[in-house]
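The structure under discussion is supplied below as structure tokens; questions concerning it will follow.
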Amino acid sequence: RFSNPKMFGGEGATEEESYDAMDDWYDRALAAGFGFKSEEEKQEYIKSIGDPMKHPLFAQTTEDLEGHPLTEAFRVLREEDKTLVELAEMYKEEGNQWIKKSTKKDYEAAFDRYSHALTYLDKADKAREDGTECTSDSTADLKMIRSQILSNRALSSLNLTNYGRCYKDCDRAIYLWPGNLKAHLRKCKALYMLKKYPDCIAACKAGLELDATNKDLLNYAKQCDTEYTQKRLAKREADLKILSTLTAQWSSVWNYARNQNVTLGYPQYGAPEPKELRDIWTHLDMGDAATGTSATLRWPVLLQYPQYGTYDVLSGAGRDDMLVEHLGMAFPEKEDCGPEDRIEWDVDDEYHVSNLAVYVQLHSTKAVTSENEWLEACMEQRILLQGGNVDLLGLLKATKTAPTASTASTTAEAESTNTTVSSLDNIPETTFEKLKSRAELREKKYWETLMDTVTGKTITTTGPGLHSSSARFLEVHLGCTIGTIAKAHSPSHVLPRGVLTLLIYPKDNRLHKLFVEQNKGKIVALMP
């Protein structure tokens, strides 16, 4: 009546007459004792009902309804006298109504209603387990109902572009009811949007077992197969470019080492590789190293200090550089350096060039016997010690004849190499774990073969100038050149992945004496 004042004036009344009649009605109501008795009472009432615009009648979104006492009261009234399964079905139906709309808020409201439904199903499950379930719920298929609600909630997540959440709900729905075709379809769409193509193809196949003619599933399967093939081919092309660059460097090292009578070997996996040695060959200037006649190739040298468990790396030492030149710069004589030049970790101030004893370990790792084996060893190291792309190893093996320094550098020939492996079939596959196990097994077998005299066996491998079949170390004269050390006693002296590794001790200190005593009769001198 308040919205239409004419209702107070009666039929045919003017607007002014109607307002007068309404005012008269108010006066008579107040005179009869209705309404507020004072302004204070009026303000107290207004305060009690809160902000009028937050009243459920004025709600614009589902969030506006949450938490208001009237909303909770209505919720209690609606849930009264309903069983747990009926409540789950009620909220499921509410979710269905919200999801038919088209805004983000609607989809969020639908997700919320489905979650409410699942909460009541949890209670129904517990009641069934406890034996407190009401009779009308006892015949309900709780798994199927839960599957349907999860599938519907997955749809709300799909509409909200939360594909990961959608995929998880679909997985649960399918687990509870494998025949839930809608869950299969929504799972496929979520996986497709996440670009998880192999998983999407597998999900499509599972759905097509339920409905072999489902157009949506067939379309997703086709799209995934096409896009996944394109993605793999693009990755294969990119991998081939990387492979070409790497193998060109590694092949140069192989050719140079072979011409210089240097024995290259597999990486050692006993300890993490120093980060300074990662991709070391790609940082060095090879020059004409492939011919084996150039001195431009500079060997990476690892200086290890067992006394302190630390190291230094010479990123590249020239073939004709004397060892004393590098050690002299790193460890000047005591009289030539002040307190500020002292090495921080050299607690006893023992590391000075004339006071150093340098050793090279023989038989440190298994030697490689061919260029392809060397390339695979380098790739293995890149994967295991640097977290490289494991697919490159299979691609390397697929090329059979790996690109060399003389052939892999040109674009045309690189493209030619690409065509030999353009097919995505017949590429050997492996995993990081399998590769690691294979490397550890190879290393174990190698050391079992080379067990020293402590176990009653001797080393059978010998090399030119090796005085004893059980020799394990070379004591290096500081006047030796890097090239001399690298090729000394080949093939007994093996450079793990081409890195020249030197053990350095201060002469005659406690640890050095212990090292000499433990290897008595197994150390051979290497002179310039």
Side-chain angles (χ1 to χ4, degrees), residues 59-66 85 87-122 124-125 140-232:
Q60 300 294 316
T61 66
T62 54
E63 286 84 352
D64 295 340
L65 292 171
E66 296 300 328
V85 173
L87 287 169
E89 291 283 6
M90 181 183 78
Y91 282 111
K92 171 190 167 187
E93 183 56 34
E94 282 188 22
N96 292 347
Q97 295 305 315
W98 280 108
I99 210 165
K100 290 176 182 178
K101 303 179 182 180
S102 58
T103 69
K104 180 181 178 183
K105 294 292 184 182
D106 296 329
Y107 299 143
E108 289 173 347
F111 184 90
D112 178 66
R113 295 302 180 270
Y114 293 133
S115 296
H116 272 304
L118 291 172
T119 299
Y120 283 108
L121 273 188
D122 290 339
D125 275 330
D141 188 340
L142 299 184
K143 286 188 176 181
M144 181 176 289
I145 296 172
R146 185 182 294 275
S147 177
Q148 291 170 339
I149 296 172
L150 284 167
S151 177
N152 289 1
R153 191 171 75 166
L155 178 58
S156 65
S157 296
L158 194 63
N159 291 338
L160 289 166
T161 67
N162 192 331
Y163 304 120
R165 192 169 67 184
C166 172
Y167 159 71
K168 291 177 182 177
D169 272 353
C170 288
D171 249 5
R172 291 176 60 196
I174 293 168
Y175 174 77
L176 293 168
W177 178 28
N180 191 336
L181 185 61
K182 289 182 179 179
H184 283 281
L185 181 58
R186 289 160 189 169
K187 177 181 177 181
C188 290
K189 185 170 183 179
L191 289 170
Y192 174 75
M193 297 305 294
L194 290 169
K195 298 189 183 302
K196 294 186 176 183
Y197 298 120
D199 292 336
C200 184
I201 292 171
C204 287
K205 288 180 179 178
L208 288 169
E209 289 180 5
L210 301 175
D211 182 0
T213 61
N214 188 285
K215 292 182 179 180
D216 290 328
L217 289 173
L218 290 170
N219 285 337
Y220 279 126
K222 184 178 179 179
Q223 285 179 269
C224 278
D225 186 59
T226 300
E227 292 182 26
Y228 186 43
T229 300
Q230 291 172 345
K231 181 180 177 181
R232 292 171 69 196

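Small disclaimer: the values here were computed from a predicted structure and weren't measured.
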| message | Less than 4.5 Å apart, side chain to side chain, heavy atoms only: is that true for Arg146 and Asp125? | response | yes

| Test salt bridge (Lys or Arg N to Asp or Glu O under 4.0 Å) applied to Lys105 and Asp112, step by step | CA-CA 10 Å; Lys105 294 292 184 182; Asp112 178 66; over 6 Å; no

| task | Any pair with a residue in residues 183-214 that passes ring pair (Phe, Tyr, Trp, His ring centres under 6.0 Å), sequence neighbours left out, goes on the list, sorted by first then second residue, please. | result | Tyr192-Tyr220

| query | Regarding Ser157 and Asn159, is there a side-chain donor-to-acceptor distance under 3.5 Å anywhere? | reply | no

| message | Test side chain to side chain contact (heavy atoms under 4.5 Å, CB included) on Lys104 and Glu108; report intermediate values, then the result. | response | CA-CA 6 Å; Lys104 180 181 178 183; Glu108 289 173 347; 3.1 Å; yes

| query | Under a 4.5 Å cut-off applied to non-hydrogen side-chain atoms, are Val85 and Leu142 in contact? | reply | yes

| Lys92, NZ atom: more than 12 neighbouring heavy atoms under 6.0 Å | yes

| query | With a distance cut-off below 6.0 Å to the six-membered ring centre and an angular limit of 45° from the axis, does Lys196 pair with Tyr167 as a cation-pi contact? | reply | yes

| message | Could you work out, with side-chain hydrogen bond (donor to acceptor under 3.5 Å, both in side chains) as the rule, every residue matching Thr119, not counting sequence neighbours? | response | none

| message | Test your reading of the model: is there a side-chain donor-acceptor pair from Tyr228 to the backbone of Lys195, 3.5 Å cut-off? | response | no

| task | Give a yes or no on this: more than 12 heavy atoms of other residues, nucleotides or ligands lie within 6.0 Å of atom CZ of Arg172. | result | no

| said: Keeping Ser151 on the side-chain end and Ser147 on the backbone end, is there a donor-acceptor pair under 3.5 Å? | reply: no

